[in-house]
Amino acid sequence: MSKGLPKRSEDYSLWYNELVKRADLAENSAVRGCMVIKPYGYSIWEKMQAQLDTMFKETGHTNAYFPLFIPKSFLSKEASHVEGFAKECAVVTHYRLKNAADGSGVIVDPEAKLEEELIVRPTSETVIWSTYKNWIQSYRDLPVLVNQWANVVRWEMRTRLFLRTTEFLWQEGHTAHATAGEAMAETEQMMQVYARFAEEYMALPVVRGKKTENERFAGAEETLCIEALMQDGKALQAGTSHFLGQNFAKAFEVKFATKEGGLDYVWGTSWGVSTRLMGALIMAHSDDNGLVLPPKLAPFQVVIVPIYRGEEELAMISVKAKELMLELKKAGISVKFDDRDTQKPGWKFAEYELKGVPVRIALGPRDLENNTVELARRDTLEKFSFELSEMPIAEKIKQLLEEIQNHIYQKALAFRKEKTTEVNSWEEFTRVLEEKTGFISAHWDGTSETEEKIKDLTKATIRCIPLDQKPEQGVCVFSGKPSAGRVLFAKAY
RNA sequence: CGGGGUGUAGCGUAGCCCGGUAUCGCGCCACAUUUGGGAUGUGGAGGUCGUAGGUUCGAAUCCUGCCACCCCGACCA
């Protein structure tokens with residue numbers, strides 16, 4: 001392994017790829033487009049899962065599990081849904097292998113052709129709604145509030161670790177309601193859950209918004225989203241929540257007896273976030289020295305590195321280190337004590353910086369003598385000596401972790417503000433897009449045609465119509481037609 | 001699927017034009033000296049040169065097929 005990471009300023013995507021690999025988050029696998037998520041990377045995902053899962057349960061949802069395979073016929077029941085996913089589905093056509101007659105290995109047994117092919121789920125609306133049909137008969141059965149943690153497959157042409165892989169891990173919530181209003185409220189609620197998760201846990205500021213018709217989920221009436229800005233000025237969709245109207249209920253004949261004695265189709269929602277969040281996390285905060293992790297999601301928040309000559313010194317330092325570790329653990333802080341004798345302190349410093357550990361404690365003979373430790377924070381790379389008599393170490397670290405969590409959020413927020421530009425002319429639009437990058441807040445005439453043309457010309461898309469959009473009369477930056485408010489454009493991942 | 005590129009030790013590479021049995025760095029193993037920012041020295045292990053075939057006394061090198069990966073385009077969370 002060579003030492004330096006590529007610089008963000010020189011080659012951002014190379015920096016990203018190298019960082020993911022060197023920080024032990026993930027690597028490419030033997031299967032094209034699929035990744036191996038390594039233990040350190042998976043630990044972060046587990047932290048995300050745990051927190052999101054808690055939030056889903058707090059909002060009344062329960063986990064369940066639906067099959068990986070979907071009968072082909074299901075997919076075609078909702079017209080726009082098929083259209084959206086048909087081009088990227090993996091299909092199972094056979095169920096058996098056999099030895100080749102010429103001894104060259106195994107081949108697909110042509111005798112074992114499936115009568116109906118199975119699709120590897122690209123998303124589960126269809127299997128789930130075919131199941132809901134049986135679960136729901138009356139308004140008394142509603143709402144159904146279910147989430148599942150699963151893997152899905154979308155056969156992408158070009159993949160990138162975490163950001164776009166053929167198989168990815170995610171959660172998909174699927175709910176059914178008696179009224180449109182209730183379903184819409186659920187859609188909004190879950191978008192807010194995602195936004196809160198991104199901001200409070202990932203330290204990632206997001207714009208809450210609504211997708212335009214072009215960018216909407218295939219099969220949804222309305223898609224709400226959270227959009228984040230990465231350090232290279234490109235936007236990343238971090239989570240989506242869909243109001244499905246009665247589309248899937250109609251496609252799968254999910255009707256319920258209303259309180260009033262009528263029969264009506266059920267209203268649905270679906271919402272999801274994926275391992276793509278890992279990519280967002282990495283790109284939002286990390287620097288040329290490596291990963292910068294928010295304390296709330298770091299696999300361990302503190303690492304203790306002993307500095308010593310000889311076994312006796314290590315033994316003495318270990319006693320102190322273990323004492324500190326215990327104190328920290330009692331306070332709910334996760335700590336790793338790295339007493340490996342196989343690597344030197346300097347090597348460990350660089351390693352934990354690469355891996356984004358929020359706080360490092362270095363403990364050496366001088367510290368034992370002076371009753372101090374050396375603290376270093378990952379976000380600012382500041383180092384300072386801390387007198388253990390000053391206050392309990394756990395309290396100090398707790399403060400520090402909170403400060404780091406807050407600081408990286410503020411830093412990302414300031415960056416987004418700086419990179420969000422209001423523009424009023426087409427000339428300005430293209431110039432800002434090319435030179436400054438980031439979000440562009442501009443008037444749009446509300447038509448898909450204009451959106452398409454802008455995309456063709458510049459690769460920029462409408463990321464969202466912000467929910468906090470101010471009513472403001474203006475003219476479309478492209479067509480000159482009247483507009484009632486600004487939307488956010490950007491080049492996106 | 002179009003256009004370009006690359007496959008050589010665990011990783012990154014030189015050699016290929018001009019054919020003679022593979023270079024260097026990192027990592028790995030052993031020993032010694034080291035340990036407050038990626039240590040140093042000495043010794044060592046590790047290779048079907050992507051794959052199948054062809055040309056040749058001889059192929060990493062030349063020719064042909066195939067495979068894989070990367071980059072750029074059309075599609076996407």
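Chain naming here is simple, since letters A, B, ... match the order of the sequence lines and numbering starts at 1 in each.
- One can place NE2 of A/H81 at 14 Å from P of B/C76, the figure rounded to the nearest angstrom.
- Whole-Å rounding puts the A/E83 CD to B/C76 C1' distance at 14 Å.
- With sequence neighbours left out, the ring pair (Phe, Tyr, Trp, His ring centres under 6.0 Å) criterion links A/F168 to A/W170.
- A/E27 is linked by a salt bridge (Lys or Arg N to Asp or Glu O under 4.0 Å) to A/K38, counting only residues two or more places apart in sequence or in another chain.
- Within the 4.0 angstrom heavy-atom criterion, base atoms lie near A/T165.
- Not counting sequence neighbours, the partners of A/R208 by the salt bridge (Lys or Arg N to Asp or Glu O under 4.0 Å) test are A/E199.
- Atom CZ in A/R154 sits roughly 6 Å away from atom P in B/A77 (whole-Å rounding).
- Protein atom CD of A/E88 is 16 Å distant from nucleotide atom P of B/A74, rounded to whole Å.
- Between A/K459 and A/E434 there is no salt bridge, since no side-chain N of the basic residue sits under 4.0 Å from a carboxylate O of the acidic one.
- Annotation: salt bridge (Lys or Arg N to Asp or Glu O under 4.0 Å) contacts of A/E18 (sequence neighbours excluded): A/R22.
- Between the C1' atoms of B/G50 and B/G36, the separation comes to 47 Å (whole Å).
- Atom P of B/G27 sits at a distance of 38 Å from the matching atom of B/C67, rounded to the whole Å.
- Computed from coordinates, the A/E125 CD to B/A77 C1' distance equals 12 Å when rounded to whole Å.
- Separating the P atom of B/U64 from that of B/U6 is a span of 15 Å, rounded to the nearest Å.
- Under the rule for a side chain to side chain contact (heavy atoms under 4.5 Å, CB included), the partners of A/E188 that lie at least two apart in sequence or sit in another chain are A/M184, A/L224.
- Using a 4.0 Å heavy-atom criterion, one finds that A/S274 contacts the bases of the nucleic acid, with or without backbone contacts as well.
- The side-chain hydrogen bond (donor to acceptor under 3.5 Å, both in side chains) test with A/E172 is passed by exactly one of A/S124, A/S270, A/S274: A/S124.
- Ranked by how close their nearest RNA chain B nucleotide is to the 5' end, A/K348 and A/F85 are led by A/K348.
- Separating the C1' atom of B/C29 from that of B/G10 is a span of 14 Å, rounded to the nearest Å.
- Following rounding to the nearest Å, A/D456 (CG) and B/C75 (P) show an atom-to-atom distance of 8 Å.
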Pairs under 3.5 Å (N/O, protein and nucleotides 34-37 of chain B):
{"unit_1": "B/U35", "atom_1": "OP1", "unit_2": "A/R309", "atom_2": "NH1", "d": "2.7"}
{"unit_1": "B/U35", "atom_1": "OP1", "unit_2": "A/R309", "atom_2": "NH2", "d": "3.0"}
{"unit_1": "B/U35", "atom_1": "OP2", "unit_2": "A/R309", "atom_2": "NH1", "d": "2.2"}
{"unit_1": "B/U35", "atom_1": "O2'", "unit_2": "A/Y308", "atom_2": "O", "d": "3.1"}
{"unit_1": "B/G36", "atom_1": "N7", "unit_2": "A/R366", "atom_2": "NH1", "d": "3.4"}
{"unit_1": "B/G36", "atom_1": "O6", "unit_2": "A/G364", "atom_2": "O", "d": "3.3"}
{"unit_1": "B/G36", "atom_1": "O6", "unit_2": "A/P365", "atom_2": "N", "d": "3.2"}
{"unit_1": "B/G36", "atom_1": "O6", "unit_2": "A/R366", "atom_2": "N", "d": "2.6"}
{"unit_1": "B/G36", "atom_1": "O6", "unit_2": "A/D367", "atom_2": "N", "d": "3.2"}
{"unit_1": "B/G36", "atom_1": "N1", "unit_2": "A/D367", "atom_2": "OD2", "d": "2.5"}
{"unit_1": "B/G36", "atom_1": "N2", "unit_2": "A/D367", "atom_2": "OD2", "d": "3.0"}
{"unit_1": "B/G37", "atom_1": "N7", "unit_2": "A/K383", "atom_2": "NZ", "d": "2.7"}
{"unit_1": "B/G37", "atom_1": "O6", "unit_2": "A/E353", "atom_2": "OE2", "d": "3.4"}
{"unit_1": "B/G37", "atom_1": "O6", "unit_2": "A/R360", "atom_2": "NH1", "d": "3.3"}
{"unit_1": "B/G37", "atom_1": "O6", "unit_2": "A/R360", "atom_2": "NH2", "d": "2.6"}
{"unit_1": "B/G37", "atom_1": "N1", "unit_2": "A/E353", "atom_2": "OE1", "d": "3.4"}
{"unit_1": "B/G37", "atom_1": "N1", "unit_2": "A/E353", "atom_2": "OE2", "d": "2.6"}
{"unit_1": "B/G37", "atom_1": "N2", "unit_2": "A/E353", "atom_2": "OE1", "d": "2.6"}
{"unit_1": "B/G37", "atom_1": "N2", "unit_2": "A/E353", "atom_2": "OE2", "d": "3.4"}

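- Only the P atoms considered, B/C16 is 14 Å distant from B/U23, to the nearest whole Å.
- Under the 4.0 Å criterion applied to side-chain N and carboxylate O atoms, A/K320 and A/E323 are assigned as salt-bridge partners.
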Dot-bracket encoding per residue of RNA chain B, Watson-Crick/G-U cut-off under 3.5 Å, | denoting interstrand
(((((((..(((.......[...))).((((((.....)))))).....(((((..]....))))))))))))....

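- Residue contacts for A/L236: at a heavy-atom cut-off of 4.0 Å it reaches no nucleic acid atom on any strand shown.
- With 3.5 Å as the limit, one finds no donor-acceptor pair spanning the side chains of A/E353 and A/N289.
- Within the structure, no pair that satisfies the ring-ring contact (aromatic ring centres under 6.0 Å, His included) test touches residues 272-316 of chain A, not counting sequence neighbours.
- Here A/S9 pairs with A/K7 under the side chain to side chain contact (heavy atoms under 4.5 Å, CB included) rule; sequence neighbours left out.
- Annotation: B/U42 and B/C57 have their P atoms spaced 46 Å apart (nearest Å).
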Return the polar atom pairs (N/O with N/O) between nucleotides 43-45 of chain B and the protein under 3.5 Å, or none.
none

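- For A/K296 and A/Q51, the side-chain atoms include no donor-acceptor pair closer than 3.5 Å.
- Going from the C1' atom of B/A22 to that of B/U61 covers 11 Å, rounded to whole Å.
- Looking at A/R8, its side chain does come within 3.5 Å of a backbone N or O of A/S286 through a donor-acceptor pair.
- In this structure, A/K87 atom NZ and B/A74 atom C1' are separated by 10 Å, rounded to whole Å.
- B/C62 and B/G20 have their P atoms separated by 11 Å, given to the nearest Å.
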Please enumerate all protein N or O atoms sitting under 3.5 Å from an N or O of nucleotides 69-71 of chain B, with distances to 0.1 Å.
none

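- A straight line from CH2 of A/W155 to C1' of B/C1 spans 16 Å, rounded to a whole angstrom.
- Here A/K77 pairs with nothing under the salt bridge (Lys or Arg N to Asp or Glu O under 4.0 Å) rule; sequence neighbours left out.
- Judged by distance alone, the side chain of A/S80 and the main-chain N or O of A/G219 form a donor-acceptor pair under 3.5 Å.
- Counting non-hydrogen atoms under 4.0 angstrom, A/F217 reaches nothing in the nucleic acid.
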